[in-house]
Amino acid sequence: MLKILVLHGPNLNLLGQREPGIYGTTTLATIDALLTQEATLVGAEVTTLQSNHEGILVDGIHNALGQCHGLVINAGAYTHTSVALRDAIAAVNLPTVEVHLSNLYKREPFRHHSHIAPVALGQISGFGADSYVLGLHALVRYLRAQPDLA
Ligand code: DHK
């Protein structure tokens, strides 16, 4: 069974009511339920962690070592600021897919740079809640292609 940790960064707990024109109306609980359901369909198990605190997200990444096969992360605004999250992902060396609800490249220039992207397998941005589902599937497909996990 593939085990995946899904991390949600700051302000994503407010999904559903937060700037719905940008982030949509789907709540975080609905996204987590959707991911749990999708994971089951592909023989994976998802654990989720949302925090508004950088250090808690760093701890979550560290705790995934030896427990999870890969990470899906929407680091929220920390995407653009956090060397600590980037270093945590590099340190555990777990395959990681970066996801965003909005299309970062259609938005303000400060959102165009990601500290996570250089340590991620790839990035999915702009498909709303589906970005998470696509990210989960991309990660599972990547992991299944690894000879030791197939
Ligand atoms: C979520 C946030 O909270 C923003 O800070 C990012 C991202 C974009 C998203 O689209 O999911 O800039």
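Atoms within each ligand, like the ligands themselves, are counted from 1 in listed order. Numbers for residues simply follow the sequence, beginning at 1.
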Donor on one side chain, acceptor on other, [X] and [Y], under 3.5 Å:
{"X": "Gln50", "Y": "Asn52", "value": "yes"}
{"X": "Glu98", "Y": "Thr79", "value": "no"}
{"X": "His8", "Y": "Asn13", "value": "no"}

Subject >> Contact atoms of ligand 1, heavy-atom distance to Arg18 under 4.0 Å >> reply: 2 (C), 3 (O)

Under 3.5 Å: N/O of [X] near N/O of ligand 1:
{"X": "His80", "answer": "yes"}
{"X": "Leu101", "answer": "yes"}
{"X": "Ala77", "answer": "yes"}

Nearest to [atom], what protein heavy atom do you find, and at what distance?
{"atom": "atom 7 (C) of ligand 1", "result": "His100 ND1, 3.7 Å"}
{"atom": "atom 1 (C) of ligand 1", "result": "Tyr23 CE2, 3.6 Å"}
{"atom": "atom 10 (O) of ligand 1", "result": "Ser102 OG, 2.5 Å"}

Under a 4.0 Å heavy-atom limit, does [X] contact ligand 1 with its side chain, its backbone, both, or neither?
{"X": "Arg111", "value": "side chain"}
{"X": "Leu104", "value": "side chain"}
{"X": "His8", "value": "neither"}

Original post:
Mind checking whether Asn74 has a heavy atom under 4.0 Å from ligand 1?
Top reply: yes

**OP:** Please confirm whether Tyr78 comes under 4.0 Å of ligand 1, counting heavy atoms of the residue only.
**Re:** no

**OP:** Hey, can you tell me if His100 and His80 have their rings parallel, tilted or perpendicular (30° and 60° cut-offs)?
**Re:** parallel

Subject >> Partner of Tyr132 under side-chain contact (heavy atoms from CB on, under 4.5 Å), chosen from Ile124, Asn74, Thr26 >> reply: Asn74

**OP:** Applying side-chain contact (heavy atoms from CB on, under 4.5 Å) between Val6 and each of Leu139, Val72, Thr36, report the one that passes.
**Re:** Val72

Original post:
Same cluster or not: are Ile31 and Val46 linked, directly or through other Ile, Leu, Val, Met, Phe, Trp or Tyr residues, by side-chain heavy atoms under 4.5 angstrom apart?
Top reply: yes

Original post:
Within the side chain of Ser125, is there an N or O that forms a donor-acceptor pair under 3.5 Å with the backbone of Ser102?
Top reply: yes

